[in-house]
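Working notes, beginning with the structure itself.
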Amino acid sequence: MGVDLGPLIKNRRQVKVEELHGRAVAIDGYNALYQFLAVIRGEAGEPLTDSKGRVTSHLSGLYYRTLNLLEKGVKPVYVFDGRPPELKAQEIENRVKQREAARAKYEDALRRGDLESAKTYASMSTRLRDYMVSDAKQLLDALGIPWLQAPSEGEAEAAYMAAKGYVWASVSQDYDSLLFGSPVLVRNLTISGRRKLPKKDVYVEVVPEMLELQLVLGELGLTREQLIDLAILIGTDFNPDGIKGVGPMKAYNYIKKYGRLEEIAELRDELSSIDYVAIRNIFLQPDVVDPGELEWRPPDEERVVEFLCREHDFSEERVTNALRRLKSSSSARTESLDKWFG
DNA sequence: CTGGAGGA
DNA sequence: TCCTCCAGG
């Protein structure tokens, strides 16, 4: 779920798509696929599937989102989670239980014929299976988009890539990559702007926003080490409960007043059950790998059609239309991308 | 979420 | 041309 740093961070800036032109970004692949799976659903909340019953919602989202980014001159590299740290076990168990509870409510809502609730709970019961990730990687290969299997946390790997200059920014909805040291975090990376709020017929304009680590730290008057301590008080994936009764504001006040966890006398008992030294280490010395040279190739149209249309029953008209649009876009003909289509 | 249809 | 709505797989 990530750390709830949102309320503390005022220093966020809306990004225009033009500012992303020509830039490489590392996208948290699991984060992205989960969102597509949660959102792209039918009337009763069922995911899109092919004729063999395999889920394809995430492929649809990944395909059109990626082509849109390419059309705008953005060069994405997708980073997928590897083996989670031991300390993430509790968080993973929590998520499993939440999904199971949501699934029960989903089935109940279906029985009652309450489609609106069904859709909500279906979304909450989203599971990302291995085959879905595998399919996503196959699609990216066909599209000529690089992807990376992180040794551990994808967010950590993306942050490393940004910090080392392999990419300009990391992309995720979560704030964790700031804790992992990403100099720039982009949230809401989407081209088409408006999104419908659940329940009400209200539409909200969704614009990509950019958070810079140094500006955030400067705004809060904290070091990255202190921001990590603050996050531990609120609760991270590695101590999901945090400290009872301590949210973003109280956590901030504690760290501003005492500087670091060791000095907070009144929380000594609560903190004694949290292995915060190990958690700090996950954020400060994460298990990452050098990505090597990233290569963007032109989409292999034959392969894309074979995979999406032949194998997964996508409409060939829609799929080829999208590719044609990319080919005729100005971005595809300029700069480093001109080699794509001769 | 996104593209495309169909109405304003 | 813009906007809203809905199916997509």
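Proteins come first, then strands; the chains are lettered A, B, ... in the order of their sequence lines, and each starts at number 1.
For residues 40-67 of chain A, no residue pair satisfies the ring pair (Phe, Tyr, Trp, His ring centres under 6.0 Å) rule, not counting sequence neighbours. The list of salt bridge (charged side-chain N to carboxylate O under 4.0 Å, His left out) pairs with a residue in residues 176-190 of chain A, not counting sequence neighbours, reads A:R187-A:E209.
Summarising the geometry, the separation between CD on A:E316 and C1' on B:dG3 is reported as 17 Å, rounded to the nearest angstrom. We find that CD of A:E46 is positioned 18 Å from P of B:dC1, with the value rounded to whole Å. With rounding to whole Å, A:E43 atom CD is found 9 Å from C:dC6 atom P. Remark: P of B:dG3 and CD of A:E71 are 8 Å apart, rounded to the nearest angstrom. At whole-Å resolution of the value, CZ in A:F314 and P in B:dT2 are 14 Å apart. Computed from coordinates, the A:I40 CD1 to C:dG8 P distance equals 14 Å when rounded to whole Å. Put simply, CG on A:L62 is 13 Å from P on B:dG3, counting in whole angstrom units. One atom, CG of A:L48, and another, C1' of B:dG3, lie 13 Å apart when rounded to the nearest Å.
Across all strands, A:T56 comes closer than 4.0 Å only to sugar-phosphate atoms, never to a base (heavy-atom distances). Within 4.0 Å of A:S315, counting heavy atoms only, lie sugar-phosphate atoms of the nucleic acid but no base atom.
The side chain to side chain contact (heavy atoms under 4.5 Å, CB included) with A:F80 is formed by just one residue from the set A:N31, A:L140, A:I27, A:D28; it is A:L140.
Regarding contacts with the backbone of B:dG3, every side-chain N or O of A:N321 stays at 4.0 angstrom or more from both OP1 and OP2. For B:dT2, one of the phosphate oxygens OP1 or OP2 lies less than 4.0 angstrom from a side-chain nitrogen or oxygen of A:T190. Close to C:dG9, at under 4.0 Å from its OP1 or OP2, lies no side-chain N or O of A:R54. Considering only side-chain N and O atoms, A:N68 lies nowhere under 4.0 angstrom from the phosphate OP1 or OP2 of B:dC1.
Side-chain contact check for A:F238 versus A:E153: some heavy-atom pair is nearer than 4.5 Å.
The side chain of A:R325 sits closest to B:dG3 out of C:dG9, B:dG3, B:dC1.
Within 6.0 Å of CG in A:D130 there are 12 or fewer heavy atoms belonging to other residues, nucleotides or ligands.
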